[in-house]
Amino acid sequence: QALEPSAPHPPMPRSLLAAMVSVAVVAELGDFAAFLLLGWIALLRPGEALRIRRRDLIFPEEIAAERELLFVALQEHKTRHGRTLDGPQHGVVRDPLVISYLRAVVRRKRADHLVVALTHREFLRTWRGVLAALGTSGWQRDGFPPSSLRAGGATWLYMANCPRPEVSWRLRHGSEGSVRHYIQQA
């Protein structure tokens, strides 16, 4: 790995995220909009977001929460068999408008249904199509792959003066070096 450093994930700008969500909502692609919002706000890896089932979204009313918080239980995460942060992990959404939207997206889904009910091929076609509709290079070499959502959300938090340990916690990184890498790449 030292000889072949990994390619950085370009952070998606917030304005591009907003545009993509707007296109998805107008085109009635609720599942895809949910993917975008969860990837950015809950700082999920694309594979994590695509494997979330309805039962993994824990809404405030389901736990008698006193605050408007949505927890995203991650049953299958990247480090589930690793040495750091092994065991259950979660993401969190604190925005009441996003929580309300996600509630509407999943209201008719059964507990075992995927939140993003798209095949891998459908997902990539939708990703590329939305970016193309916005006139961005999007998927090209210099564009934004799905992994740019997580990097963009983390960078936006840092630039909004969120303390680095909080950003690290929300990214579910086991080392401070990992979060520094994310932010410095940005």
Side-chain angles (χ1 to χ4, degrees), residues 7-27 29-54 56-60 68-74 76-78 89-106 114-118 120 123-124 126-134 136-139 142-164 166-173 178-179 181-186:
H9 304 291
M12 179 178 283
R14 188 170 186 236
S15 57
L16 181 55
L17 168 77
M20 290 181 76
V21 170
S22 296
V23 167
V25 169
V26 169
L29 300 169
D31 289 12
F32 186 71
F35 171 86
L36 295 169
L37 293 166
L38 289 168
W40 175 278
I41 296 171
L43 303 180
L44 302 184
R45 294 172 181 93
E48 293 169 341
L50 291 172
R51 288 189 299 268
I52 292 176
R53 298 191 178 277
R54 164 57 188 97
D56 299 326
L57 296 182
I58 304 163
F59 289 92
E68 192 73 0
L69 294 174
L70 168 70
F71 291 100
V72 183
L74 299 173
E76 296 182 41
H77 51 83
K78 182 179 177 182
Q89 292 184 10
H90 73 278
V92 66
V93 176
R94 293 182 172 99
D95 185 318
L97 183 60
V98 172
I99 294 170
S100 179
Y101 181 77
L102 292 171
R103 190 180 285 121
V105 168
V106 301
L114 290 169
V115 171
V116 182
L118 298 170
H120 186 70
F123 166 75
L124 290 177
T126 303
W127 180 270
R128 291 174 182 141
V130 168
L131 287 172
L134 292 169
T136 178
S137 61
W139 191 258
D142 60 341
F144 298 100
S147 58
S148 65
L149 288 169
R150 187 169 194 252
T155 302
W156 186 82
L157 282 173
Y158 181 74
M159 291 172 54
N161 293 322
C162 184
R164 202 168 64 208
E166 171 70 13
V167 176
S168 181
W169 169 255
R170 292 187 59 188
L171 282 167
R172 301 171 323 279
H173 281 164
S178 296
V179 74
H181 173 75
Y182 252 71
I183 294 168
Q184 292 300 331
Q185 287 293 341

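Index from 1, following the sequence. Heavy-atom basis, side chains included; hydrogens, waters and symmetry copies ignored.
- For the pair V93 and L38, the tightest heavy-atom approach, listed with the atom from each and the gap, is CG2-CD2, 4.2 Å.
- Checked by atom type and distance alone, the side chain of S22 pairs as donor or acceptor with a backbone atom of A18 at under 3.5 Å.
- In this structure, CG on L16 lies 7.5 Å from OG on S148, to the nearest 0.5 angstrom.
- A donor-acceptor pair under 3.5 Å links the side-chain atoms of T155 to the main chain of A151, judged by distance alone.
- Contact record, L114 with L50: CD2-O, 3.7 Å, taken as the closest heavy-atom pair.
- L43 and R170 make their closest contact through CD1-CB, 3.6 Å (heavy atoms, listed as atom of the first residue, atom of the second, distance).
- To the nearest 0.5 Å, the span separating OG on S147 from CG on L44 amounts to 13.0 Å.
- The CZ atom of R14 sits 4.5 Å away from the CH2 atom of W156 when rounded to the nearest 0.5 Å.
- Nearest heavy atoms, R54 versus V115: N-CG2, 3.9 Å.
- In this structure, F71 and H90 have perpendicular ring planes: the angle between them is above 60°, well past the 30° mark.
- Here the side chains of V116 and L118 are in contact, with some heavy-atom distance below 4.5 Å.
- Ion pairing between a basic and an acidic side chain is recognised when a charged N comes within 4.0 Å of a carboxylate O; R53 and E48 show no such pairing.
- Side-chain contact between W127 and M20: present, with at least one pair of heavy atoms (C-beta onward) separated by less than 4.5 Å.
- Within the 4.5 Å cutoff, the side chain of L69 has no heavy atoms near those of the F59 side chain.
- L70 contributes atom CG, which lies 5.5 Å from atom CG of L57 (distance to the nearest 0.5 angstrom).
- Between F123 and F35, the gap from one ring centroid to the other is short of 6.0 Å.
- Using a 4.5 Å heavy-atom cutoff, the side chains of P145 and P46 are not in contact.
- Distance CD1/I41 to CG/L102: 7.5 Å, rounded to 0.5 Å.
- Within the 3.5 Å criterion, the main-chain N or O of L171 finds a donor-acceptor partner in the side chain of R150.
- Between V72 and V92 there is no side-chain heavy-atom pair separated by less than 4.5 Å.
- Side chains of R172 and R45 form a contact here, defined as non-hydrogen atoms less than 4.5 Å apart.
- If you take CG on D95 and CD on E68, they are separated by 9.5 Å, rounding to the nearest 0.5 Å.
- Closest heavy-atom contact between F32 and V130: CE2-CG2, 3.9 Å.
- When side chains are defined from C-beta on, T126 counts as touching L29, because their heavy atoms get closer than 4.5 Å.
- Here the closest non-hydrogen pair linking A117 and D31 is N-OD2, 2.8 Å.
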